[in-house]
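Single-structure report; data block below.
Order of the sequence lines fixes the chain letters, A, B, ..., with proteins taken first and strands second; residue numbering starts at 1 for each chain.
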Amino acid sequence: MVSNRWLSVVSAGVLALGLAACGSDDDNNPDDGANGDGGSLSGSVLIDGSSTVAPLSEAAAELFMGENGGVQVDVATSGTGGGFEKFCNGETDISDASRPIGDDEIAICEANSVAYEQLTVANDALSVVVHPDNPVDCLTVEQLTAMWGPDSTLASWSDVPDLEADFGEPLELYGPGPDSGTFDYFTEAVNGEEGAIRTDYNNIGENDESGIVGVEGSPGGLFFVGYTYFAENQDRVKALQIDGGGGCVAPTEETAQDGSYAPLSRGLFIYVSSSALSKPEALAFVQFYIENNDAISGAVGAIAMTQEQKDEATTQVDTLVG
Amino acid sequence: MVTEKPPRTARTRLAVAGARAGVDAGRVFGPRGTADRVSNALFLALLLLGLAVAIAGLAALIIWAILEGAPRLEPGLITNPPSTLDRENAGYRPAILGSLYLIAGVIAIIVPLGVGAAVYLEEYADQTRWYNRLFELNIQNLAGVPSIVFGILGLAFIARGPLSLGFVAVAGSITVALLVLPTVVLAAREAIRAVPPSIREGSLALGATQWQTVWRQVLPGAMSGILTGVILAVARAIGEAAPLLLVGAITFVVVDPRYFEGSYTTLPVQIYDWATRPQEDFQVLAAAGVLVMLALVLVMNSFAIWLRNRFEQRW
């Protein structure tokens with residue numbers, strides 16, 4: 001009795017494994033055949049880092065793999081800080097970053113003798129979004145500091161100093177977590193020190209969509225996020241103009257490119273390790289990333305580089321290719 | 001044979017039905033008071049409420065996912081790799097394969113280790129020894145440790161550190177296996193304990209060694225309970241995302257994963273990533289992915305339940 005049961009179970013297991021094996025064999029072939037015609041490069045490129053930059057790297061990876069079927073490019077999203085942690089540990093080839101590398105991170109990279117090159121790949125306008133019914137249209141950096149400062153206890157919009165409109169809803173703050181480059185950039189620009197922020201805001205980690213959902217659902221909500229999230233959700237949230245001292249400026253492609261959306265316009269970067277640059281497939285990928293920048297940023301709705309930035313990046317890549 | 005847990009035969013069912021009919025007719029215990037009827041109805045209502053909450057949660061999830069994911073319910077969802085550019089045709093293939101590899105590894109680890117630990121604790125361990133009681137206590141504690149803690153353990157000791165396997169699928173398997181192992185040990189112990197002592201005593205009396213008794217009598221008898229534990233463990237393992245994020249389950253992999261090298265991703269991680277994207281297409285994909293996930297869990301559980309029923313043993 002018992003042995004019969006075992007027999008049937010084991011044979012069922014063997015059958016299942018066999019099916020799985022056949023399945024994956026078949027699955028692998030079309031890929032190799034379909035994409036393997038162009039390019040003679042092979043190997044793999046591992047990218048990790050910012051969730052704001054990841055869509056760009058993914059688009060670049062897809063286009064690149066379309067031409068170079070032998071190369072596998074994988075993109076992870078651990079946040080800018082999380083990405084640098086692995087990058088400086090020598091575990092990734094390229095790190096996506098929505099802020100420049102920090103001093104402590106440079107120290108770790110140096111300790112592990114990881115040398116790198118920084119390349120700009122797009123621009124971003126860090127957008128401050130609120131509920132569409134919010135009567136306020138413009139905030140000064142001082143007002144943002146009053147809301148977000150590490151010692152801030154502001155609980156209502158009516159407590160915000162010199163507010164242009166009469167608005168009494170409770171202030172509900174949403175923001176990304178400390179692994180995020182957006183977090184680092186915002187705290188540096190608004191509170192004057194990277195990482196300095198009041199601790200009682202709704203920390204949405206790397207999940208930017210949930211911040212949009214949060215603001216959409218609370219009349220007094222406020223959230224800071226990369227431009228793409230605002231641009232894709234203009235029917236759900238409203239972006240505030242920011243007054244950095246020179247008057248109110250709205251986050252748009254133009255104001256981000258010319259830097260007039262200050263202090264919240266920023267560059268988006270990739271960091272390439274020198275060990276990756278010695279791999280032909282990684283070098284080719286970086287070159288491709290810069291050359292096809294318009295197509296890549298267009299495909300994912302990011303703010304493209306200016307001609308000046310493109311020229312600079314091209315020169316940089318040319319030096320790297322040698 | 002000693003009947004400790006009498007099976008519900010036709011005869012018992014008849015007796016229960018008869019008693020119930022007698023009670024309902026008021027002939028056995030006399031007529032019922034109003035208070036009895038009210039408390040009876042109230043209790044039943046509470047039970048139904050409990051059931052309704054559980055079912056409503058699942059139903060709401062399924063209905064939402066079907067409504068939201070409807071445009072993408074097509075074969076391409078399963079057979080295509082993910083894509084950021086061609087979002088209408090993006091799919092979950094590497095994620096599904098990654099989840100299957102991961103789970104295959106988890107089962108291969110938890111069944112021998114979990115059952116082995118349970119057999120030791122139930123059949124061999126001397127419960128009066130302090131260290132055996134310490135083991136027991138720790139296994140129960142481990143079952144309550146948050147999954148992210150196992151992720152950190154996996155990052156420090158499996159992906160990096162002593163094992164240094166790197167961020168590959170096998171590292172994910174080991175991490176998640178450690179996470180769900182206590183569930184299997186606890187369930188297997190219960191199942192082994194439920195095998196009547198008379199079975200063991202009979203086997204030993206006929207001259208079988210302890211090993212023979214365990215292997216030929218106790219384990220086959222406990223198999224259905226052990227499989228229940230494995231089902232629960234696997235269901236939890238397949239839904240885990242948090243610890244895997246730490247051991248390298250990457251979110252954008254377009255080629256099929258391999259077990260010992262290269263990047264991998266799993267269904268929950270891929271769903272999470274797409275659910276956080278700004279574009280509407282990704283939201284739809286995430287909802288459709290929830291359905292793929294539910295279908296996968298259903299298929300795996302059905303197989304396991306079929307397997308369990310084949311081993312069902314009545315004493």
Among residues 277-285 of chain B, residues within the sub-4.5 Å heavy-atom range of chain A, in order of number, are B:Arg277, B:Pro278, B:Gln279, B:Gln283
Report the relative orientation of the aromatic rings in A:Phe224 and A:Phe186; use parallel for angles under 30°, tilted for 30 to 60°, perpendicular for over 60°.
parallel
With B:Leu219 as partner, the option from B:Val115, B:Thr213, B:Val195 fulfilling side chain to side chain contact (heavy atoms under 4.5 Å, CB included) is B:Val115
Between A:Asp74 (side chain) and B:Val253 (backbone), is there a donor-acceptor pair under 3.5 Å? no
For A:Asp48 and A:Thr77 the tightest heavy-atom approach is OD1-N, 3.6 Å
Review point. Is a side-chain donor or acceptor of A:Lys279 paired with a backbone partner of A:Ser44 at a separation under 3.5 angstrom?
Key: yes
Counting N and O atoms only, with roles assigned by atom type, does the side chain of B:Thr175 sit under 3.5 Å from a partner on the main chain of B:Ala171, one being a donor and the other an acceptor? yes
Give the intermediate values and the outcome of ring-ring contact (aromatic ring centres under 6.0 Å, His included) for residues A:Tyr229 and A:Phe223.
-> CA-CA 11 Å; A:Tyr229 279 86; A:Phe223 174 47; 8.0 Å; no
Honestly, the part of A:Glu58 sitting under 4.5 Å from a heavy atom of chain B is both
Pairwise side-chain contact, A:Asp294 with A:Asn292, heavy-atom cut-off 4.5 Å (strictly under) | no
Review point. So, does B:Ser99 use its side chain to make a donor-acceptor pair with the main chain of B:Ile96 at under 3.5 Å?
Key: no
Is a side-chain donor or acceptor of A:Ser273 paired with a backbone partner of A:Val114 at a separation under 3.5 angstrom?
no
The interface call for A:Ser210 against chain B, heavy-atom contacts under 4.5 Å, is neither
Closest heavy-atom pair, A:Tyr289 versus A:Ser57, reported as atoms and distance to 0.1 Å, is OH-OG, 2.9 Å
Point to revise | A:Ala125 backbone acceptor or donor facing A:Ser127 side chain under 3.5 Å | key: yes
Nearest heavy-atom approach of A:Ala299 to B:Leu85 is CB-CD2, 3.2 Å
Minimal heavy-atom distance between A:Ser78 and A:Gly83, with the atoms involved, is CB-N, 4.0 Å
**Prompt:** Is there a donor-acceptor pair closer than 3.5 Å between any side-chain N or O of B:Arg72 and the backbone N or O of B:Glu88?
**Reply:** yes
(Q) Would B:Thr228 and B:Arg308 count as a side-chain hydrogen bond (donor to acceptor under 3.5 Å, both in side chains) here? Give the steps. (A) CA-CA 7 Å; B:Thr228 308; B:Arg308 184 182 66 188; 3.2 Å; yes
TODO: For A:Asp124 and A:Ala302, indicate whether the former's side chain and the latter's backbone hold a donor-acceptor pair under 3.5 Å.
DONE: no
Okay, A:Val225 and chain B: the region with an atom under 4.5 Å from a heavy atom over there is neither
**Request:** Verify, without hydrogens or angle tests, whether A:Asn68 (side chain) and A:Gly70 (backbone) share a donor-acceptor contact under 3.5 angstrom.
**Result:** no
Whatever's closer than 4.5 Å to a heavy atom in chain B on A:Asn207 counts as both
Against chain A, residues from residues 157-170 of chain B with at least one heavy atom under 4.5 Å, in numeric order, are B:Arg160, B:Phe167
Bottom line for A:Leu63: the part with an atom under 4.5 Å from chain B's heavy atoms is both
Within residues 89-98 of chain A, the residues sitting under 4.5 Å from chain B by heavy atom, in sequence order, are A:Asn89, A:Glu91
Expected contact set for residues 261-275 of chain B against chain A at heavy-atom separation under 4.5 Å reads B:Ser263, B:Tyr272, B:Asp273, B:Ala275
When the 4.5 angstrom heavy-atom criterion is applied to A:Ala231 and chain B, the contacting part is neither
- Stepwise, does the side-chain hydrogen bond (donor to acceptor under 3.5 Å, both in side chains) test hold for B:Ser83 with A:Glu62? CA-CA 7 Å; B:Ser83 172; A:Glu62 261 186 86; 2.4 Å; yes
